[in-house]
Amino acid sequence: MPVAVTMPALSPTMTEGTLARWLVSEGDRVSPGDVLAEIETDKATMEVEAVDEGIVASLAVPEGTEGIEVNATILWLKAEGESAEAAPVAEAPRPVAKAPPPAKPSREASKPAPEVDYRGETVEMTVREALRDAMAEEMRRDEAVFVMGEEVAEYEGAYKVTQGLLAEFGPRRVRDTPITEHGFAGLGVGAAFGGLRPVVEFMTFNFAMQAIDQIVNSAAKTLYMSGGQMGCPIVFRGPNGAAARVAAQHSQCYASWYAHIPGLTVVSPFSAADAKGLLKAAIRNPNPVIFLENEILYGQRGAVPTDPERTVPIGRAGVLRPGRDVTIVAFSRMCAVALEAAEMLAGEGIDAEVIDLRTLRPLDRETIAASIRKTNRIVSVEEGWPVAGIGSEIAAIAMEDAFDWLDAPAMRVTGEDVPMPYAANLEALALPDAARVAAAARAVCYA
Amino acid sequence: MSRQSSKKRAGASAKRNGRAAANGAAPDSGRLLSWYRDMLLIRRFEERAGQMYGMGLIGGFCHLYIGQEAVVVGIQACLGERDSVVTGYRDHGHMLAAGMDARGVMAELTGREGGYSRGKGGSMHMFSREKNFFGGHGIVAAQVPLGVGLGFSHRYKGEDGVSVVYFGDGAANQGQVYESLNLAALWELPVLFVIENNKYGMGTAVSRAAAGSGLHARGGGFGIPGRLVDGMDVRAVHAAASEAVAEARAGRPAILEMETYRYRGHSMSDPAKYRTREEVNRMRRDRDPIERLRHVLESEGHAGADALKAIDAEVREIVSDAAQFAEQSPEPDPSELYTDVLLEA
Ligand SMILES: Cc1ncc(C[n+]2csc(CCOP(=O)(O)OP(=O)(O)O)c2C)c(N)n1
Ligand SMILES: [Mg+2]
């Protein structure tokens with residue numbers, strides 16, 4: 001039986017085309033790959049090739065025909081010795097199976113584990129030491145965990161976070177890399193696909209922009225694109241946000257950049273105890289985690305649990321200071337600013353509740369909304385820029401989850417919408433401080 | 001899942017037993033025939049994919065491998081089950097050569113539930129943990145550091161697996177390739193870099209994109225040896241790869257630049273104004289890897305016409321079956337939209 005050659009779709013959007021030129025005529029013998037015709041669309045001229053072998057029985061449309069619909073028969077091929085008259089009438093093209101319009105499935109995300117009160121032993125240590133202990137404990141626990149980055153081994157970390165790791169674990173598990181962020185980030189992702197649990201240190205997150213393609217396109221999306229086959233248990237960690245007097249290229253908060261990406265988890269601790277507990281949870285997490293530290297916090301001290309099985313659940317905010325009149329949410333170093341503002345406000349008779357977000361993706365909507373239901377007012381604080389920032393998301397959550405309880409519009413206190421200046425006075429002006437946070441709190445309290 | 005139940009029937013026959021590929025020993029008739037079959041399977045599969053694209057059953061980007069079959073078949077014949085493979089978006093041939101099921105690959109092209117990624121990856125993003133095939137990546141050259149990381153994981157775990165990473169002549173100009181070469185050489189990782197030089201990156205001829213004296217020489221500064229290989233001759237590919245894989249396995253990364261050619265457009269919509277039809281016809285007439293092996297099989301008496309006909313019939317049957325499966329497999333359930341974003345912690 002003759003075989004129909006149909007008008008092909010040559011691009012995802014093509015619905016019809018013009019048969020510009022026939023390159024075969026009746027009686028020609030063709031084999032797979034031979035060019036049969038040229039087709040013109042609004043974008044380009046393209047060739048139609050034979051898929052089967054045979055003899056051209058008839059050309060179903062003359063050269064120059066315009067508006068030929070995709071899947072319409074343009075040519076009949078017959079086998080050797082077959083009669084051409086047998087060319088059947090064109091069948092209607094089979095439609096592609098279409099699923100019924102999707103019923104909207106539930107988007108209920110799995111709830112993070114509750115935080116268990118810790119009553120065990122603690123020791124005073126710095127955030128820096130807490131982070132180091134987290135890595136060391138997880139490396140003792142799981143042979144697949146290794147640390148990689150610039151100056152992490154022999155130099156013991158540009159900010160001394162990896163102190164002592166090389167001595168304990170050796171160069172196989174504590175790897176100095178060349179200055180090659182794009183390359184070693186991709187290498188880490190490949191190693192995670194291969195069954196390891198890399199902890200990749202960026203000297204600061206400013207330099208991770210060289211690697212952001214591997215973080216977003218390879219680490220975050222591959223599980224989805226593989227239908228669940230390709231887990232990527234990797235932690236990207238390092239200092240984020242403004243340091244001091246290092247100017248625009250070295251002072252930037254990446255929280256909202258990464259929080260935008262499905263497939264990533266974004267964590268940014270404030271206290272030493274959370275730094276340890278959250279980093280341990282991040283290393284045990286089966287997904288890529290962006291772990292945003294802060295250089296200025298590295299030297300801050302706090303009581304830190306010593307139990308190596310103690311982790312802090314990802315996805316839970318923490319209440320740093322309970323209060324009744326206004327909610328202030330912050331993360332990382334801005335928690336200190338928010339607490340200072342709360343002290344100022346207390347002196348004026350305003351009782352502020354301060355929440356440490358701790359995880360920026362997924363945000364703990366429940367804790368935020370519950371606090372608004374109590375205080376009816378919310379102010380967000382971040383170092384990052386205002387446009388499409390974390391505060392914008394907080395405002396959206398306030399609207400979506402607690403609109404009926406709001407007594408004032410949500411307010412954002414953010415870094416100024418400029419690259420970070422170098423001059424000491426300008427730098428101070430560019431970052432949120434307690435006075436600005438307190439002013440915002442007064443404003444939403446109409447005080 | 002259906003793709004598992006059918007894997008025996010429709011997978012490629014490449015025996016992934018590296019040891020059997022003894023250096024230097026001329027491949028016997030059985031091996032030559034299995035390569036012929038595997039190349040033909042890729043060719044017929046791709047032709048059918050092109051046809052199904054034309055029928056609107058496959059959407060988006062679809063990069064066919066027609067003309068380059070000898071590269072992946074020759075290299076895959078040197079690999080064992082412990083080795084891993086990663087490539088770019090022109091990946092259908094690599095998956096078939098890795099022994100992945102033709103049904104699962106075709107059903108992914110049609111975006112159906114029976115596809116390797118359950119319809120969520122498409123032509124450019126498919127994976128098989130079972131076959132150590134790590135994708136299928138859509139960003140030009142992103143697979144190169146990933147492949148070095150896979151080599152790192154083999155070494156770290158004390159296994160003797162090799163990681164083979166395939167990339168194009170266009171990809172060879174990306175900066176991350178050189179970061180990867182440096183890391184692989186510095187850390188003595190078991191990685192084989194295969195540059196599939198098919199003469200063009202989209203519409204840009206290599207000579208308009210790459211400076212220097214050949215892509216295979218680009219590891220020179222890192223102490224990585226490179227060889228130029230006739231990628232249209234599966235026996236030459238296999239011979240070169242046997243040596244290079246053994247080197248890489250010993251922690252000495254290597255580069256093989258395969259001179260090859262793609263017959264079809266870059267993707268499905270390709271105005272083809274950057275090369276002449278005569279050039280394409282000449283390559284197909286004079287250099288075709290399948291015709292070339294067929295000639296060897298016949299002239300050296302490895303196989304008679306009947307054996308070749310039987311292979312032809314078997315391959316056509318696999319491809320028809322895959323196409324039918326890919327058309328009939330349902331679209332993914334709407335609830336799949338929200339699955340596989342994160343693994344349960
Ligand atoms: C980073 C990046 N830039 C551009 C593209 C668009 N693009 C896809 S394939 C391609 C050409 C690559 O050519 P080559 O590496 O020679 O591989 P081939 O297609 O010939 O197999 C381009 C520019 C992309 N996918 N990723
Ligand atoms: Mg190319």
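So you know, we letter chains A, B, ... as the sequences are listed, proteins then strands, and number each from 1. Side chains included, hydrogens not; waters and symmetry mates left out as well; all remaining heavy atoms used.
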Do Gln229(A) and Glu130(B) pass the side chain to side chain donor-acceptor pair (under 3.5 Å) test, and can you show the C-alpha distance, the side-chain angles, and the key distance before you say yes or no?
CA-CA 10 Å; Gln229(A) 289 185 72; Glu130(B) 188 199 352; over 6 Å; no
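Contact of the Arg129(B) side chain with the Met230(A) side chain is registered, since non-hydrogen atoms from C-beta on lie closer than 4.5 Å. Under the 4.5 Å side-chain criterion, counting only non-hydrogen atoms from C-beta, Leu223(A) is not in contact with Val341(B). Counting only heavy atoms from C-beta outward, the side chains of Gln214(A) and Leu146(B) approach each other to under 4.5 Å. With contacts defined as side-chain heavy-atom distances shorter than 4.5 Å, the pair Leu186(B)/Pro178(A) qualifies. Residues Asp213(A) and Ile139(B) have side chains in contact (heavy-atom distance under 4.5 Å, counting atoms from C-beta outward). Residues Glu179(B) and Phe184(A) have side chains not in contact (no heavy-atom distance under 4.5 Å, counting atoms from C-beta outward).
Looking at Arg175(A), only its side chain comes within 4.5 Å of chain B, counting heavy atoms on both sides. If you measure heavy-atom distances from Ile66(B) to chain A, you find no contacts under 4.5 Å at all. For Ser226(A), the parts lying near chain B are the backbone and the side chain together; criterion is any non-hydrogen pair under 4.5 Å. Looking at Glu181(A), the atoms closer than 4.5 Å to chain B (heavy atoms on both sides) all sit in the backbone: N, CA, C or O. There is no contact between Glu40(A) and chain B, counting heavy-atom distances below 4.5 Å. Residue Ile179(A) does not touch chain B at all, counting heavy-atom pairs closer than 4.5 Å. Of the two parts of Leu183(B), only the side chain, counted from C-beta on, holds a non-hydrogen atom closer than 4.5 Å to a non-hydrogen atom of chain A. Contact of Arg277(B) with chain A is made through the side chain alone, with heavy-atom distances under 4.5 Å.
Across every non-hydrogen atom of Trp187(B) and Leu187(A), the tightest pair is CZ3-CD1, 3.9 Å. The shortest non-hydrogen separation linking Pro286(A) to Ala345(B) is CD-CA, 3.7 Å.
With chain A as partner, the option from Phe127(B), Phe134(B), Phe152(B), Tyr156(B) having the largest number of non-hydrogen pairs under 4.5 angstrom is Tyr156(B). Contact tally against chain B (heavy-atom pairs below 4.5 Å) for Gly190(A), Ala191(A), Ala113(A): the top residue is Gly190(A). When the candidates Met268(B), Gln51(B), Gln143(B), Arg155(B) are compared by the number of heavy-atom contacts under 4.5 Å with chain A, Gln51(B) comes out ahead. Comparing Ser128(B), Ser267(B), Ser163(B) by heavy-atom pairs within less than 4.5 Å of chain A, the highest count is held by Ser128(B).
The closest donor-acceptor contact from the side chain of Lys157(B) to the backbone of Ala144(A) lies at 3.5 Å or more, if one exists at all. Side chain of Ser153(B) to main chain of Gly195(A): no donor-acceptor pair is present (N/O by atom type, distance under 3.5 Å, no hydrogens or angles). No donor-acceptor pair closer than 3.5 Å links the side chain of Asn287(A) to the backbone N or O of Leu342(B). Panel note: side chain Tyr224(A), backbone Leu337(B); a donor-acceptor pair is recorded below 3.5 Å.
Rounding to the nearest 0.5 Å gives a distance of 10.5 Å between NE2 of His137(B) and CG of Asn217(A). With values rounded to the nearest 0.5 angstrom, Asn182(B) atom CG is found 10.0 Å from Thr177(A) atom OG1.
Around the CD atom of Glu279(B), the shell of radius 6.0 Å holds more than 12 heavy atoms that belong to other residues, nucleotides or ligands. Other residues, nucleotides and ligands place no more than 12 heavy atoms under 6.0 Å from the CD atom of Glu69(A).
The pair Asp34(A)-Arg284(B) meets the salt-bridge criterion, since a charged nitrogen lies less than 4.0 angstrom from a carboxylate oxygen.
Side-chain N/O atoms of His182(A) and Gln176(B) include a donor and acceptor closer than 3.5 Å.
Contacts of Arg358(A) classified as salt bridge (charged side-chain N to carboxylate O under 4.0 Å, His left out), with partners at least two apart in sequence or in another chain: Glu115(A), Asp274(A).
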